[in-house]
Each structure stands twice: as structure tokens, then as C-alpha cells.
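A short write-up of the structure that comes next.
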Amino acid sequence: MPKHKKKIRKPSQKTANGLCWYFPSTDHGENHGFSDSQLQYFEGDHEKHIARETIQNAVDARFDYSKPVSVVFEKISIPISALPGREELLDRIARCLNFVKGQDKAVEFFKSATAILNSKIIPVLRISDFNTRGLSGSDNDVEGDWYRLVRAAGTSSPKGVAGGSFGIGKGAPIAASSLRTVFYSSINSEGMPVFQGKARLVSHHNDDGDVRQGVGFYGVNGYMAVRDDVLTPDFFKRKERGTDIFTISYKSGADWKGKLIKSVLHNFWLAIFSGDLEVTVRDGEELVIKKDNLRKCLEKYEAEDARFYFEAFTDYTQDFHTDLRHLGQVSLYVRKQDGYPSKVMMARKPKMLVTEKPYRTLREAYAGVFICDNDKGNT
């Protein structure tokens with residue numbers, strides 16, 4: 001059995017209701033290191049990635065197409081005592097710290113995580129969606145939304161024309177956590193509640209010397225989702241159909257709201273203008289971004305080139321509508337004006353920005369919006 005210089009506390013036992021953290025054995029397989037490819041892509045500008053990835057998945061799960069999807073971002077401070085499995089998680093982080101000796105970046109992270117879990121208050125970003133289907137499927141239903149979001153890695157939905165459906169983008173809320181820890185809470189279209197926590201740490205030793213995986217879960221016996229609402233901690237309970245994602249110890253800067261709003265506008269102005277989406281950002285004060293105030297928000301927050309694309313779409317110089325061989329029916333709206341970026345924004349069925357491309361066909365400055373919102377072209 002490996003000898004540890006630092007004394008490690010024995011892992012906490014299950015609570016009376018059977019809820020605990022569980023990190024599976026590697027069973028002589030690969031260890032999980034600190035450089036996590038699912039998180040590295042989203043390091044840096046967390047608000048940019050969180051807004052794009054979480055809203056995309058919410059729009060994909062729209063329930064009633066006569067109403068917009070609503071997504072609410074709210075920063076909340078909670079007592080550290082309200083964090084489920086806090087003592088166990090603190091123990092796991094101490095074990096991870098022992099496992100990464102000599103790796104300066106990892107050591108710094110786990111020392112900081114220890115201090116956070118020993119503090120009194122912890123910041124949480126709650127991302128809530130409404131008019132969505134919620135997360136369907138059992139823990140083992142590989143085609144279910146719950147499995148793809150919480151249990152699977154490197155997969156997304158193979159069905160339909162959705163823009164995201166829980167691919168690699170689900171790593172964005174975890175990357176924004178100073179603990180690499182999130183909790184999920186949902187009520188699906190059948191009215192069934194489901195709750196679970198997830199942490200992406202590093203491999204570490206148990207007391208018996210067994211090496212544990214770096215990815216762990218909080219639930220019934222650890223690895224099973226909580227499907228009895230009585231067992232879900234009050235702060236994490238949903239009251240209506242939809243999904244909440246809780247980023248624990250949210251790594252927010254002073255201008256987190258401004259950055260988040262800019263990302264919302266840059267990526268989703270077309271969905272908002274079309275009446276498919278409304279977004280609320282709340283931190284004491286509240287801003288609701290919807291069709292009625294979209295123009296004012298675009299002018300105030302200067303969300304990259306979003307205002308120019310908006311003007312090209314709503315007040316175009318010329319528009320084109322045609323049927324392309326591989327994409328089917330598409331539309332292009334162009335406005336020529338000094339100071340415009342001479343780029344075309346590409347959008348598909350979720351009415352979100354997919355990419356931007358410069359074209360030098362016109363000598364004058366311009367902005368363009370290309371839309372492919374039919375099933376054939378999206379597929």
C-alpha cells in the first residue's frame with residue numbers, strides 16, 4: 001500500500017439517506033491527470049462559453065413552440081454548509097493534492113480548493129431554463145438527455161437538427177468552477193425530478209491503496225442519480241419542468257454580467273429577435289433581454305459585430321432567397337455601410353451564430369446574415 005507523508009482523513013460514511021460522493025476505481029486502468037481536455041477548451045473567458053453552450057442546449061430542448069425558451073443566469077452566495085457532501089469532497093481534494101505532488105499548477109488548484117471549502121460562503125452560478133423538456137432517461141439510458149449531459153463524455157445527440165444536445169460544450173460550466181464541481185437538477189416532461197453532482201478532479205488513492213478515477217458523482221450510493229424529490233437538498237430543487245445547472249464556486253470577475261450579456265447578444269440575437277428566446281441575467285439587479293429591448297441592448301453592450309448583423313437583417317440593402325443543391329432553401333441579407341466588418345454571419349435552425357466569414361466580393365464595407373433553417377440543410 002502506498003505510504004502518504006500527509007495524514008489523510010478517512011472518507012465520510014454515507015449519510016442517513018444514502019447520499020455520498022463516489023469516485024470509481026481505475027481497476028488498473030489509466031489515471032486521470034489535471035490537464036482535462038474537456039475543460040481546457042473553455043478556460044479563460046468563462047462567460048463567453050457558458051452563455052453559448054448552455055443556451056444552445058436549452059433552445060434544443062424547447063417544449064412549447066408557441067412560447068420562447070427562457071434562460072436565467074443568477075449569481076448567488078450560499079453558506080458552505082449548504083453544499084452537499086462538503087466534508088467528503090474536502091477529503092477527496094486532500095487525496096488529490098497528495099497525488100499531484102510536484103505538479104505546480106495542480107497543487108495550486110487543490111490548495112485553493114481546500115481554502116474555498118473551508119470558507120463560510122461560496123458563490124454559485126445557477127443557470128435555469130424554462131419552457132424546456134427537462135432531462136429524460138434513466139442513469140443507463142444512453143440515448144436519454146440525462147445520460148448524455150451527466151454521465152457521457154465526448155458524445156452528443158445523433159438525432160434531429162439540434163445545435164448542441166450535450167456534446168463537449170457541457171464542460172463549460174465545470175471549467176468555470178474553482179472546484180471543477182457542478183450539480184444538476186431537473187424535472188422532465190413526465191414530471192419526474194432528478195438530481196446529481198459531478199466533479200472532475202484527478203485520480204487519487206483510497207485508504208486501501210486502490211487508485212480512484214478523477215471523475216466522481218454525488219448521489220444515491222454516489223453513482224446513482226437522486227430521483228426522490230424528498231432527498232434533494234432544498235436549494236437545488238426544481239419547482240417546474242426544465243433544468244438547473246449549478247456551477248459551484250463560480251470563477252466570476254468584476255464584469256461577469258457584462259461579459260455574459262455580450263456573449264448572449266453575439267451568439268443569440270437572431271433567436272431573441274425571432275421570439276424564440278429570452279435571457280435574464282441577475283445579480284441583485286436584473287436585466288431581461290427580449291425582442292422588445294434587443295436593439296437597445298445591442299447598442300449599449302457593443303457585442304462584437306452583433307449590432308451590424310442585426311441592422312443588416314432588419315434594414316438590408318438587398319436580400320436573396322434560393323434553393324441550394326445541398327442545403328435546400330436558404331436566405332442571405334446584406335447591408336452596405338461604412339464601418340461594417342465585411343463579414344457574413346452564418347446561422348442555422350436554432351437561430352444562433354455558427355461562424356462568421358469574410359467575403360471580398362463587395363468593395364464597399366458590408367455586413368451579411370446567411371440563414372439555413374430547414375431540416376435538410378441543418379442535417
Side-chain angles (χ1 to χ4, degrees), residues 1-15 17-41 84-103 105-107 109-110 113-114 117 135 137-156 166-168 170-171 173-175 177 179-184 194-227 231 248:
M1 182 174 71
K3 294 181 179 179
H4 305 295
K5 293 181 180 179
K6 182 177 178 180
K7 185 177 180 181
I8 300 290
R9 290 172 297 174
K10 190 174 181 179
S12 303
Q13 299 297 314
K14 296 176 187 176
T15 58
N17 55 22
L19 303 186
C20 63
W21 279 100
Y22 176 74
F23 290 78
S25 171
T26 61
D27 195 20
H28 306 291
E30 289 185 341
N31 292 344
H32 294 166
F34 186 71
S35 297
D36 189 326
S37 60
Q38 190 175 123
L39 307 185
Q40 285 181 321
Y41 178 81
R86 177 248 175 192
E87 287 289 337
E88 284 183 280
L89 189 60
L90 191 59
D91 173 81
R92 293 292 176 175
I93 283 174
R95 293 169 183 274
C96 290
L97 181 58
N98 256 13
F99 203 84
V100 298
K101 287 182 178 178
Q103 303 176 40
K105 188 175 181 180
V107 168
F109 172 86
F110 288 113
T114 300
L117 288 171
L135 299 173
S138 67
D139 290 0
N140 299 317
D141 178 6
V142 296
E143 293 187 351
D145 292 335
W146 175 260
Y147 185 92
R148 292 200 310 271
L149 176 61
V150 180
R151 307 293 302 188
T155 62
S156 61
F166 314 120
I168 192 173
K170 62 193 173 188
I174 304 176
S177 164
L179 301 174
R180 290 187 172 184
T181 299
V182 298
F183 286 86
Y184 305 96
V194 58
F195 165 77
Q196 193 162 33
K198 184 175 185 178
R200 299 188 68 90
L201 306 178
V202 299
S203 291
H204 52 276
H205 288 107
N206 256 15
D207 283 345
D208 60 4
D210 182 39
V211 179
R212 296 288 166 148
Q213 296 179 25
V215 180
F217 299 91
Y218 180 84
V220 179
N221 295 325
Y223 54 88
M224 292 189 295
V226 180
R227 297 180 184 272
L231 300 181
I248 305 300

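Here Y184 pairs with nothing under the ring-ring contact (aromatic ring centres under 6.0 Å, His included) rule; sequence neighbours left out. For F217, the ring-ring contact (aromatic ring centres under 6.0 Å, His included) criterion is met by no residue, not counting sequence neighbours. For F195, the ring-ring contact (aromatic ring centres under 6.0 Å, His included) partners at least two apart in sequence or on another chain are F183, F236. For S25, the side chain to side chain donor-acceptor pair (under 3.5 Å) partners are D210, not counting sequence neighbours. Scored by the side chain to side chain contact (heavy atoms under 4.5 Å, CB included) test, S138 finds N140, D141 as partners (sequence neighbours excluded). Listed by chain and number, the residues in a side chain to side chain contact (heavy atoms under 4.5 Å, CB included) with A225 are D139, W146, V194, Q196, R227 (sequence neighbours excluded).
Judged purely by atom type and a 3.5 angstrom limit, T26 uses its side chain to pair as donor or acceptor with the backbone of V211. Remark: side-chain polar atoms of K101 are not paired, donor with acceptor, to backbone N or O of V107 under 3.5 angstrom. In terms of modelled atom types and a separation under 3.5 Å, the side chain of R200 and the main chain of I174 share no donor-acceptor contact.
Residue A106 comes nearest to F34 through the heavy atom pair CB-CG, 3.7 Å, listed as atom of the first residue, atom of the second, then distance. Shown here for F99 and N31, the closest heavy-atom pair between the two residues is CZ-ND2, 3.7 Å. When all heavy atoms of I248 and S177 are compared, the pair lying nearest together is O-OG, 2.6 Å. Across all their heavy atoms, Q213 and H204 have their closest contact at O-CE1, 3.6 Å. In terms of heavy atoms, A152 sits closest to K198 at O-NZ, 4.4 Å. Shown here for Y22 and N221, the closest heavy-atom pair between the two residues is CB-O, 3.8 Å.
With hydrogens and angles left out, the side-chain atoms of R92 and N206 include a donor and acceptor closer than 3.5 Å.
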Practice item. Could you check Y218 against V226 for side-chain contact (heavy atoms from CB on, under 4.5 Å), going step by step and ending with a plain yes or no? Key: CA-CA 9 Å; Y218 180 84; V226 180; 5.8 Å; no
**Study point:** D27 vs R212, salt bridge (charged side-chain N to carboxylate O under 4.0 Å, His left out): CA-CA, chis, key distance, verdict
**Key:** CA-CA 8 Å; D27 195 20; R212 296 288 166 148; over 6 Å; no
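For R180 and F109, the positive end sits near the middle of the six-membered ring, less than 6.0 Å away and at most 45° from its axis.
Looking at D91 and R95, their side chains come closer than 4.5 Å, going by heavy atoms from C-beta outward.
Here the straight-line distance linking atom CG of L117 with atom CD1 of I93 works out to 4.5 Å at 0.5 Å rounding.
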